[in-house]
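In this text the structure is predicted, and so the values were computed from the model without any measurement.
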Amino acid sequence: MITVSILVMVVGVYFFKFPNHFAFGGVTGFSTVVSEMTKWSASQFTLIANMALLVMGFVFLGRSFGIRTVYASILMSAALSILEKLVPLTGPLTTEPLLELVFAVFLPAVGSAILFNIGASSGGTDIIAMVLKKYTSFNIGTVLLFVDLFSVVMSFFIFGPTTGLFSSLGLMAKSLMIDDVIESMNQCKCFNIVCDRPDPICKYIIDELHRSATVYEAQGAFSHHTKTVIMTTMKRAQALKLRNYIRSVEPTAFILISNSSEIIGKGFLTN
């Protein structure tokens, strides 16, 4: 997962971000500005900055995070360097900067979200964001917005207002998209099932879906009949199976299904 995520990010950064001088945050955003001001290549600056920030990750986030992020940082720097040699770019791929901005935002945002979701990072300012996330109540997208703002401000002075405005738009879109992608990946379905025959439904949940449930009795406000309410939570693919099963064994059951992206407990998040 880390390898795939990094390669997705590298494609977005190298082919769409670097050629257009988009500087919407991250070490790669700073590298776009630094490479314009110095003789360093963007990949060289990315490697040096990532190594320095990895020390921060080890200190504040622990060894397991550091090991995963060391691998991700080295892979990103190596992949950028290889692409720099194999596919040298002299300018943007197209003449549509807005189209390229979409890919420059979307690909790295998806890669970052997957990494955050498994407790890793591509390095750079992501490490700063995760440190602040650990010790504050901010979500990751908001933290990245503040951490990465400086490179966007610099792009106005180095590349002019057009590139600066594109970079500002990219930063805002990336910050929003990361949280949305993480929420989508973690999204589960919460069931409240009001039924007359709970046994077959509970048996299906436990034996076939390998989940558990909470069962309690309730009374209908209009009919005053005793009903059983089954409360359970599961992933989206399992939820579809459960819904179809309930409709087949008890078509009159009342099913309330809601979304949740943060569930803490056995089988889900542990803290």
Side-chain angles (χ1 to χ4, degrees), residues 1-5 8 62 64-65 68 105-107 109-121 129-130 133-145 173-271:
M1 289 297 289
I2 293 175
T3 302
V4 171
S5 302
V8 168
S64 61
F65 170 87
R68 289 192 291 266
V105 171
F106 178 75
L107 294 176
V110 169
S112 294
I114 295 173
L115 289 173
F116 283 137
N117 200 50
I118 60 177
S121 165
M130 293 196 76
K133 167 68 175 176
K134 182 177 180 179
Y135 294 102
T136 68
S137 60
F138 291 110
N139 59 52
I140 287 175
T142 303
V143 172
L144 282 175
L145 179 63
K174 177 189 173 186
S175 300
L176 295 172
M177 184 171 289
I178 287 175
D179 287 328
D180 287 343
V181 173
I182 291 175
E183 185 173 333
S184 177
M185 288 190 297
N186 291 330
Q187 192 174 86
C188 295
K189 298 291 185 179
C190 302
F191 282 76
N192 280 288
I193 308 159
V194 182
C195 60
D196 295 314
R197 297 190 301 117
D199 289 344
I201 297 175
C202 289
K203 182 176 174 60
Y204 183 81
I205 292 172
I206 295 170
D207 295 341
E208 299 297 329
L209 302 180
H210 306 293
R211 291 290 182 183
S212 188
T214 299
V215 180
Y216 55 93
E217 288 189 353
Q219 186 181 73
F222 177 76
S223 65
H224 300 291
H225 291 162
T226 299
K227 296 282 187 177
T228 301
V229 180
I230 305 171
M231 184 176 68
T232 185
T233 302
M234 59 194 61
K235 298 295 184 180
R236 284 178 289 185
Q238 296 173 316
L240 181 61
K241 295 178 181 179
L242 178 59
R243 186 184 67 178
N244 291 338
Y245 179 79
I246 295 171
R247 302 307 294 170
S248 66
V249 298
E250 191 169 341
T252 59
F254 183 84
I255 309 171
L256 175 63
I257 306 174
S258 57
N259 295 325
S260 178
S261 60
E262 189 169 0
I263 301 172
I264 299 173
K266 187 177 180 180
F268 298 93
L269 297 178
T270 56
N271 51 50

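Considering all non-hydrogen atoms of both residues, Asn192 and Val229 come closest at OD1-CG1, 4.2 Å. Minimum interatomic distance between Cys188 and Met234 (heavy atoms only, all atoms of both residues): CB-O, 3.3 Å. When all heavy atoms of Ser212 and Ile205 are compared, the closest pair comes out as O-CG2, 3.8 Å.
Contact of the Phe191 side chain with the Ile230 side chain is not registered, since no non-hydrogen atoms from C-beta on lie closer than 4.5 Å. Residues Lys235 and Arg211 meet the side-chain proximity criterion, which asks for heavy atoms closer than 4.5 Å. Counting heavy atoms from C-beta on, the side chains of Thr233 and Lys189 never come closer than 4.5 Å. Side-chain contact between Thr232 and Leu242: present, with at least one pair of heavy atoms (C-beta onward) separated by less than 4.5 Å.
A side-chain donor-acceptor contact under 3.5 Å links Ser248 to the backbone of Tyr245. Looking only at distances, a side-chain donor or acceptor of Arg197 sits under 3.5 Å from a matching main-chain atom of Val249. No side-chain donor-acceptor contact under 3.5 Å links Thr228 to the backbone of Asp196.
Distance check: Lys227 NZ to Gln219 CD gives 11.5 Å after rounding to the nearest 0.5 Å. Taking CG of Asn259 as the reference point, atom SG of Cys190 lies at 8.0 Å (rounded to 0.5 Å). Of the inter-residue distances, the one linking Ile206 atom CD1 with Ile201 atom CD1 reads 12.0 Å to the nearest 0.5 angstrom. Atom OG1 in Thr226 sits 6.0 Å away from atom CD in Glu217 (nearest 0.5 Å). Here the CD atom belonging to Glu208 is positioned 7.0 Å from the NE2 atom belonging to His210, to the nearest 0.5 angstrom. For the atom pair Ile255 CD1 and Arg247 CZ, the distance stands at 5.5 Å (nearest 0.5 Å).
Applying the 6.0 Å contact sphere to CZ of Phe106 captures no more than 12 heavy atoms from other residues, nucleotides or ligands.
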